[in-house]
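The structure appears below as structure tokens.
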Amino acid sequence: MGFPEDDVISAMDRCGPNASIPELADSIYAAQTAKAAGIEDSEALRLSSSESSYDDEFETEPSDYYSILPPSPENQNWGKRPFHEKKRKWDELSHGKKKRTKQPNSIERKKWVEKPIGTHKKEWEWTGEPNWIGSNWNNASVLRRAGVTEPKMLGFGIPSMPDIVTSRFIPETAMGPPYFYFENVAISKKGTWETFSRFLYDIEPEFVDSKYFSVARRKRGYIHNLPIEKRSPLLPIPPLTIQEALPFTKEWWPSWDTRTKLNCILGCTGSAQLTERIRKALVSCNGEPSFETQKYVMEQCKKWNLVWVGLNKVAPLEPDEIEPILGFPKYHTRGGGSSRTERLRALGNSFQVDTVAYHLSVLKPLFPSGLTVFSLFTGIGGAEVALYRLGIPFKAVVSVEISEVSRTIFRNWWAQTNQKGVLLEIEDVKQLTNDKLQHLVSSFGGFDLVIGGSPCNNLSGCNRVTRDGLEGKHSSLFFDYFRILDVIKCIMAKRSKYSSHN
DNA sequence: GTGAAGATGAAGGCTGAA
DNA sequence: TTCAGCCTTCATCTTCAC
């Protein structure tokens with residue numbers, strides 16, 4: 001995360017051996033902020049590591065001050081005070097004033113629960129208040145109380161229902177420049193998204209299932225400070241059912257396979273041995289398969305996203321078929337020495353372009369002459385493809401991606417599409433020290449958009465071995481996303497202040 | 001030695017009934 | 001409101017073929 005070793009050791013001393021990475025990061029951040037504000041380390045140490053000292057100051061606040069939903073076993077985390085508030089306290093101390101985000105009172109929270117979700121915007125429109133519509137915090141019982149029979153991950157709106165949420169509150173500290181956009185898996189270890197939100201300036205996440213944008217499900221959360229009004233989808237609207245997206249399967253699709261959507265496209269695929277087992281099981285039935293056989297085949301087909309390519313013959317999707325489903329041009333990942341396995345892995349880790357483009361579409365009228373983009377964890381360039389398909393030109397892209405395969409794919413796309421802007425490639429986020437970031441901001445004149453989805457390896461439900469949450473080896477890189485974004489914001493704010501004085 | 005294929009559950013959310 | 005059963009999931013590790 002780029003913290004000096006001494007600061008880390010001090011934080012470990014303060015927080016104890018069992019402290020989580022977020023706790024340590026907060027403690028380091030608080031100490032650094034205090035130091036910058038000229039406050040004695042001893043006081044910083046006391047306030048950053050002592051929950052009681054914080055509570056004393058806000059003792060008049062209700063215990064569920066930060067709760068969005070009513071107290072329940074499902075939302076207990078929201079009764080806890082965010083780490084980010086501790087960090088903010090040091091901002092307040094250094095500036096001599098408090099900055100508090102207005103939170104809904106008990107009557108407003110009750111109103112949220114009682115109003116039907118997804119009926120009409122005016123019925124549950126909030127003026128500057130958090131709104132967790134479509135989030136994975138919406139447990140089934142809360143939704144049923146609210147009159148929702150089928151939980152949906154609609155975010156702040158989808159092309160067919162654009163007015164689900166028409167306004168939302170963005171804390172002053174979160175406002176740009178630059179705009180930023182963060183993405184990760186929606187369903188992960190408990191508390192993960194609370195941490196994401198806490199670090200990313202307490203912005204309300206937007207949870208969207210890409211099944212509304214494509215044939216495949218893809219439940220993802222997004223935190224950004226972009227406007228949410230007047231979004232527009234990419235055209236043409238991609239096919240939304242399996243048989244529209246993969247018409248060659250129609251001929252062989254059995255009536256008892258009722259799927260119309262694909263499940264999430266992952267980084268690995270079903271094996272040839274599995275499809276052969278399925279074929280033999282079906283052939284042995286001599287006609288209509290038994291209920292048990294149907295059940296077995298359906299389980300495997302759903303698990304591995306298998307489609308019908310012949311009589312009794314199922315097969316996994318090939319990279320060339322996945323690319324358009326995810327919104328990439330066909331053969332986007334082909335060539336450049338990448339194997340089928342590498343292509344599948346790269347695609348499984350990428351954005352769903354149509355979904356992201358819908359959110360980014362608001363940038364087009366704001367930046368008619370083009371964008372300067374800081375792209376973290378670029379992968380195969382999902383964000384850049386989305387912006388390109390929206391018709392937004394690039395002034396420059398600083399791309400950070402550790403995978404050589406992904407870098408090659410992205411570089412080839414950049415050349416193939418005759419991009420006129422500057423492309424600067426950086427391999428590792430760890431290389432981005434404060435000095436380096438200062439240099440980049442100066443060189444490019446600041447950035448309009450900081451975008452990226454940090455690795456989800458340790459968050460994904462697919463991971464059976466190292467599902468360690470945000471403390472995992474890969475997923476802890478989220479803190480680098482935050483670090484880099486925060487440094488860029490600070491540098492740009494200073495530049496803006498300096499230029500306005502002159 | 002290298003890369004591809006195959007085998008490996010559990011966590012968290014959803015659903016429906018009591 | 002609770003709970004049991006069901007469904008889904010940006011992966012990792014070992015084995016095997018070359």
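Residue numbers begin at 1 in each chain, while the letters A, B, ... track the order of the sequences. Hydrogens, waters and symmetry mates play no part in the numbers below; they use all other heavy atoms, side chains included.
Side chains of A:Ser399 and A:Leu423 form a contact here, defined as non-hydrogen atoms less than 4.5 Å apart.
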Table of protein N/O atoms under 3.5 Å from nucleotides 4-7 of chain B N/O atoms:
| unit_1 | atom_1 | unit_2 | atom_2 | d |
| --- | --- | --- | --- | --- |
| B:dA4 | OP1 | A:Ser339 | OG | 2.9 |
| B:dA4 | OP2 | A:Ser339 | OG | 3.4 |
| B:dA5 | OP2 | A:Thr341 | OG1 | 3.2 |
| B:dG6 | OP2 | A:Ala272 | N | 2.9 |
| B:dA7 | OP1 | A:Gln273 | OE1 | 3.4 |

Distances under 3.5 Å between protein N/O atoms and the N/O atoms of nucleotides 14-18 of chain C, please, pair by pair.
none

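Side chain of A:Lys189 to backbone of A:Ser460: no donor-acceptor contact under 3.5 angstrom is found. With hydrogens and angles disregarded, a donor-acceptor distance shorter than 3.5 Å links the side chain of A:Arg218 to the backbone of A:Ile265. With hydrogens and angles disregarded, no donor-acceptor distance shorter than 3.5 Å links the side chain of A:Asp448 to the backbone of A:Leu371. A donor-acceptor pair under 3.5 Å links the side-chain atoms of A:Asn458 to the main chain of A:Ser475, judged by distance alone. Between the side chain of A:Gln352 and the backbone N or O of A:Thr355, at least one donor-acceptor pair lies under 3.5 Å.
One interatomic measurement links the two molecules: CD1 of A:Ile187 to C1' of C:dC10, which rounds to 13 Å at whole-angstrom precision. What separates CG of A:Leu306 from C1' of C:dT8 is a distance of 15 Å, to the nearest Å. Here the P atom of nucleotide C:dT8 and the NZ atom of A:Lys189 are 24 Å apart, to the nearest Å. Atom pair A:Lys473:NZ and C:dT12:C1' shows a separation of 12 Å (rounding to whole Å applied). When rounded to the nearest whole Å, the span between CG of A:Asp468 and C1' of B:dA10 equals 13 Å. One atom, CG of A:Leu470, and another, C1' of B:dA11, lie 15 Å apart when rounded to the nearest Å. The CZ atom of A:Arg464 sits 10 Å away from the C1' atom of C:dT9 (whole-angstrom rounding). Separating the CD atom of A:Gln300 from the P atom of B:dG9 is a distance of 14 Å, rounded to the nearest angstrom.
Checking the phosphate oxygens (OP1, OP2) of C:dT9, a side-chain nitrogen or oxygen of A:Asn263 falls inside 4.0 Å. In this structure, A:Asn458 does not reach the C:dA11 phosphate: none of its side-chain N or O atoms is under 4.0 Å from OP1 or OP2.
Aromatic ring pairs are classed by plane angle as parallel below 30°, tilted from 30° to 60° and perpendicular above 60°; the pair A:Phe478 and A:Tyr481 is parallel.
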With both pairing distances under 3.5 angstrom for Watson-Crick or G-U wobble, and | for a partner in another strand, the correct string for DNA chain C is |||||||||.||||||||

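Within the structure, the salt bridge (Lys or Arg N to Asp or Glu O under 4.0 Å) test picks out the following pairs touching residues 398-413 of chain A (sequence neighbours left out): A:Arg407-A:Glu427, A:Arg411-A:Glu425.
Considering only residues two or more places apart in sequence or on other chains, A:Arg277 meets the salt bridge (charged side-chain N to carboxylate O under 4.0 Å, His left out) condition with none of them.
As judged by a 4.0 angstrom heavy-atom cut-off over every strand, A:Thr275 is placed among residues making no nucleic acid contact. Here A:Cys264 lies in heavy-atom contact (under 4.0 Å) with sugar-phosphate atoms only. In this structure, A:Arg217 reaches the sugar-phosphate backbone alone: every heavy-atom distance under 4.0 Å involves primed, P, OP1 or OP2 atoms, never a base.
Nucleotides B:dG6 and C:dC10 place their P atoms 23 Å apart, quoted to the nearest Å. Separation of the C1' atoms belonging to B:dT8 and C:dT9 is 14 Å when rounded to the nearest angstrom.
For A:Phe394 and A:Trp414, the ring centers sit closer than 6.0 Å to each other. Taking the six-membered ring for Trp and the full ring otherwise, the centers of A:Tyr222 and A:Phe182 sit at least 6.0 Å from each other.
For the residue pair A:Glu384 / A:Ser375, a side-chain donor-acceptor distance below 3.5 Å is found, with atom types taken as modelled. Between the side chains of A:Thr466 and A:Asn463, a donor-acceptor pair is found at a separation under 3.5 Å.
For the ring pair (Phe, Tyr, Trp, His ring centres under 6.0 Å) test with A:His224, the passing option among A:Tyr358, A:Tyr181, A:Tyr201 is A:Tyr181; the others fail. Among A:Arg168, A:Arg220, A:Lys219, A:Arg231, the single residue meeting the salt bridge (charged side-chain N to carboxylate O under 4.0 Å, His left out) criterion with A:Glu206 is A:Arg231.
One N or O donor and one acceptor, one from the side chain of A:Arg220 and one from the base of C:dC10, sit under 3.5 Å apart.
Checking A:Lys303 against A:Arg467, the closest nucleotide of DNA chain B that is more toward the 5' end is the one next to A:Lys303.
Near DNA chain C, defined here as any heavy-atom distance below 4.0 Å, there are no residues from residues 400-411 of chain A.
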